[in-house]
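Scroll down for the structure; my scribbles are underneath it.
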Amino acid sequence: MAEVTQRFGPFGGRYVPETVIAALDELADAYQRLRDDPGFRGELEGLLGAYVGRPTPLYRARRLGEAYGIGRLYLKREDLCHTGAHKINNALGQVLLARRMGKRRIIAETGAGQHGVATATAASLFGMECCVYMGRLDMRRQRLNVIRMKMLGAEVRPVDAGTGTLKHATSEAIRDWVTNVEGTHYVIGSAVGPAPYPEIVADLQRVIGDETREQILAEEGRLPGTVVACVGGGSNAIGMFRAFLDDAEVAIVGVEAAGDGIGTGRHGASLSVGRPGVLHGSYSYLLQDDDGQVAEAHSISAGLDYPGVGPQHSHLRDTGRVRYEAVTDAEALEAFSLTCGTEGIIPALESSHALAVLAREGRVMDAAGPVVVCLSGRGDKDVDQASAALGIDV
Ligand SMILES: *Cc1c(COP(=O)(O)O)cnc(C)c1O
């Protein structure tokens, strides 16, 4: 059995207190044992089909393609997954894994609440106790998701420390895990954190790229010329990219948040302008100030508002296999409106970043063949923010 990957080039690893190492070892051992186990795979695949709604369509967006000067533009419709985004692929897989490990309790941290909702959903499905840590300020900003989590039977624990946002909620979740590790599994929501999490999450999201590959071959009889995805922590992107990394003819583009603009310092572009360092147990590119303190990230989309990035993306950046770009809030909003107006699809603001790069490069990409964009989620959650930013009267 192949060992679960710990490092991607120099990136990744485990920069955690000694007390967490045993728990990470237990998780890595369990995953190594179960990842190819027919019983585990069968149960997961069954649920991805009947419960999540997979495979999600690969949809040819003709009018949006025309607007961007792209003849063959395809959207991978993760927005049609149960709960509205790709996050359920990971949450469900990890909760299944936890059950097989004999854990009875699930914990998670959440910023915007999307990962909390996905985790609460999976825990409810299996009748497991679920506790989600969330900053007090984030709870106020994301009231609807707090209500959803509570309706799904989860306890939402407010974190007052620090700025009342994700960073301190994560610290609290880790503290809980260390104290209760015997019966508790900690579900991390992106391809970040100490090993083995980045590998497990990427593996669970790989279904996005595997389906896309099969679908584009059936539709076009060839691989895409270009594949594009947005990068927050990097889970939807790595899930899409992994299926194409060995195909040198496929150009791969990851899109980060440039927020108000790279020059303003208010952005989330860790790969574009960050430096390598340690955050949340892993060595990777991250936003730091001159003293090496982790800097605050800014983006109109909560899912891209993270100062770090998954370690495999750092490696793919340095090897040059993937090109990373950053688009501003304004560019993302423009792509959001255009997609609403041409396709009858309201995309998540995160996914709108991936689309926005087409306004810059669509014509050039078109020359290389079909373009596939991962539409990581739907934008229902973003309508208040987007309508305010776009000046839509109600
Ligand atoms: C959370 C989220 C993201 C960002 O997370 P990744 O781990 O980078 O994929 C992107 N899109 C949507 C819709 C999200 O909810």
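When reading the values below, keep in mind they use all heavy atoms of this one structure, side chains included, and skip hydrogens, waters and symmetry mates. One is the number of the first residue; the rest follow in order along the sequence.
For the residue pair Gln205 and Asn89, a side-chain donor N or O sits within less than 3.5 Å of a side-chain acceptor on the partner. Residues Tyr31 and Glu199 bring no donor and acceptor atom of their side chains to less than 3.5 Å of each other. A side-chain donor-acceptor contact under 3.5 Å links His280 and Tyr306.
The hydrophobic cluster containing Val357 does not contain Val231, counting ILVMFWY residues as joined when their side-chain heavy atoms lie under 4.5 angstrom apart, directly or transitively. Tracing side-chain contacts under 4.5 Å through hydrophobic residues (I, L, V, M, F, W, Y), one never reaches Val117 starting from Leu144; they form parts of separate clusters. There is no path of hydrophobic side-chain contacts, each under 4.5 Å, that joins Val253 to Ile238. Put simply, Leu279 and Val20 are part of the same group of oily side chains (I, L, V, M, F, W, Y) that touch within less than 4.5 Å, one to the next. Residues Leu34 and Ile188 fall within the same hydrophobic cluster, defined by Ile, Leu, Val, Met, Phe, Trp and Tyr side chains chained together at heavy-atom separations under 4.5 Å.
Contact annotation: the side chain of Lys381 approaches that of Glu350 to within less than 4.5 Å [non-hydrogen atoms, C-beta and beyond]. Contact of the Phe8 side chain with the Pro198 side chain is registered, since non-hydrogen atoms from C-beta on lie closer than 4.5 Å. Side-chain contact between Asp329 and Asp260 is present, with at least one heavy-atom pair separated by less than 4.5 Å. Residues Ser284 and His315 are not in side-chain contact: their nearest non-hydrogen atoms beyond the backbone lie 4.5 Å or more apart. Contact of the Tyr197 side chain with the Leu27 side chain is registered, since non-hydrogen atoms from C-beta on lie closer than 4.5 Å. Inter-residue side-chain proximity for Lys76 and Met240 is flagged as met; some heavy-atom pair is nearer than 4.5 Å. With a 4.5 Å cut-off on side-chain heavy atoms, Leu92 and Leu125 count as touching. Using a 4.5 Å heavy-atom cutoff, the side chains of Arg105 and Asp176 are in contact.
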- Please report the C-alpha distance between Glu220 and Tyr74 in whole Å, then the side-chain angles of each, then the deciding distance to 0.1 Å, and finally whether the side chain to side chain contact (heavy atoms under 4.5 Å, CB included) criterion is met. CA-CA 11 Å; Glu220 292 278 344; Tyr74 290 88; 2.6 Å; yes
- Does the salt bridge (charged side-chain N to carboxylate O under 4.0 Å, His left out) test come out yes or no for Arg222 and Glu249, once each step is laid out? CA-CA 11 Å; Arg222 57 161 291 179; Glu249 72 271 32; over 6 Å; no
- Just do the side chain to side chain contact (heavy atoms under 4.5 Å, CB included) check on Leu166 and His115 with the steps written out, would you? CA-CA 12 Å; Leu166 180 65; His115 172 55; over 6 Å; no
- Test log, rule side chain to side chain contact (heavy atoms under 4.5 Å, CB included), inputs Gln142 and Met134: CA-CA 10 Å; Gln142 305 290 340; Met134 191 169 187; 3.8 Å; yes
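In this structure a side-chain-to-backbone donor-acceptor pair under 3.5 Å is missing from Thr184 to Val181. Judged by distance alone, with hydrogens and angles left aside, the side-chain atoms of Asn236 form a donor-acceptor pair with the main-chain N or O of Cys230 at under 3.5 Å. Under a 3.5 Å cut-off, the side chain of Ser124 and the backbone N or O of Ala120 do not form any donor-acceptor pair. Proximity of a side-chain donor or acceptor of Gln288 to a complementary backbone N or O of Pro276 within less than 3.5 Å is detected. In this structure a side-chain-to-backbone donor-acceptor pair under 3.5 Å is missing from Asp382 to Ser301.
Note that the CG atom of Leu152 and the CD1 atom of Ile147 stand 12.0 Å from one another [nearest 0.5 Å]. One finds the CZ atom of Arg157 at 4.0 Å from the SG atom of Cys131 (value rounded to the nearest 0.5 Å). Once rounded to the nearest 0.5 Å, the distance linking CD of Glu256 with CZ of Arg317 reads 9.0 Å. Interatomic distance, Gln94 CD to His185 NE2, rounded to the nearest 0.5 Å: 4.0 Å. Taking NE2 from His313 and OG from Ser235, the interatomic distance works out to 8.0 Å, rounded to the nearest 0.5 Å. Separation of atoms CG (Leu349) and CG (Asp305) is listed at 12.0 Å; rounding is to 0.5 Å.
With sequence neighbours left out, Phe126 forms a ring-ring contact (aromatic ring centres under 6.0 Å, His included) with no residue at all. Applying the side-chain contact (heavy atoms from CB on, under 4.5 Å) criterion to Asp29, with sequence neighbours excluded, gives no partner residue. Ile21 is linked by a side-chain contact (heavy atoms from CB on, under 4.5 Å) to Arg14, Val16, Glu18, Asp25, counting only residues two or more places apart in sequence or in another chain. Arg206 meets the side-chain contact (heavy atoms from CB on, under 4.5 Å) test with Asp210, Arg242, Ala243; sequence neighbours excluded. For Asp247, the salt bridge (charged side-chain N to carboxylate O under 4.0 Å, His left out) test picks out Arg213, with sequence neighbours left out. Evaluation of the ring-ring contact (aromatic ring centres under 6.0 Å, His included) rule for Tyr133 yields no partner, not counting sequence neighbours. Scanning for ring-ring contact (aromatic ring centres under 6.0 Å, His included) contacts around Tyr285 gives Phe11, with sequence neighbours left out.
Residue Glu214 places its CD atom among 12 or fewer non-hydrogen atoms of other residues, nucleotides or ligands, all under 6.0 Å distant. More than 12 heavy atoms of other residues, nucleotides or ligands sit less than 6.0 Å from atom CD of Gln215. At most 12 non-hydrogen atoms from other residues, nucleotides or ligands lie less than 6.0 angstrom from CZ of Arg104. Atom CZ of Arg275 has more than 12 heavy atoms from other residues, nucleotides or ligands within 6.0 Å. More than 12 heavy-atom neighbours from other residues, nucleotides or ligands sit within 6.0 angstrom of CD on Glu26.
Salt-bridge formation is not detected for the pair Arg72/Glu219: no Lys NZ or Arg NE/NH1/NH2 atom is positioned less than 4.0 Å from an Asp or Glu carboxylate oxygen.
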Scan the side chains in residues 383-394 for donor-acceptor partners under 3.5 Å anywhere in the protein, sequence neighbours excluded, and list what turns up.
{"from": "Gln385", "atom 1": "NE2", "to": "Ile300", "atom 2": "O", "distance (Å)": "3.1"}
{"from": "Ser387", "atom 1": "OG", "to": "Val383", "atom 2": "O", "distance (Å)": "2.8"}
{"from": "Ser387", "atom 1": "OG", "to": "Asp384", "atom 2": "O", "distance (Å)": "3.0"}

Using distance only, find each side-chain donor-acceptor pair of residues 363-378 under 3.5 Å and give its atom names and separation, not counting sequence neighbours.
{"from": "Asp366", "atom 1": "OD1", "to": "Gly71", "atom 2": "N", "distance (Å)": "2.8"}
{"from": "Ser376", "atom 1": "OG", "to": "Ser351", "atom 2": "OG", "distance (Å)": "2.7"}

Donor-acceptor pairs are to be reported for all side-chain atoms of residues 340-348 against protein atoms at under 3.5 Å, with residues two or more places apart or in another chain.
{"from": "Thr342", "atom 1": "OG1", "to": "Leu338", "atom 2": "O", "distance (Å)": "2.8"}
{"from": "Glu343", "atom 1": "OE1", "to": "Tyr59", "atom 2": "OH", "distance (Å)": "2.4"}
{"from": "Glu343", "atom 1": "OE2", "to": "Arg62", "atom 2": "N", "distance (Å)": "3.4"}
{"from": "Glu343", "atom 1": "OE2", "to": "Arg63", "atom 2": "N", "distance (Å)": "3.1"}
{"from": "Glu343", "atom 1": "OE2", "to": "Leu64", "atom 2": "N", "distance (Å)": "2.9"}

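Note on residues 78-98: pairs passing salt bridge (charged side-chain N to carboxylate O under 4.0 Å, His left out), not counting sequence neighbours, are Arg54-Glu78, Arg77-Asp79. Applying the salt bridge (charged side-chain N to carboxylate O under 4.0 Å, His left out) test to pairs two or more places apart or on separate chains, none has a residue in residues 285-295.
In terms of heavy atoms, Tyr186 sits closest to Ile174 at CE2-CG1, 3.9 Å.
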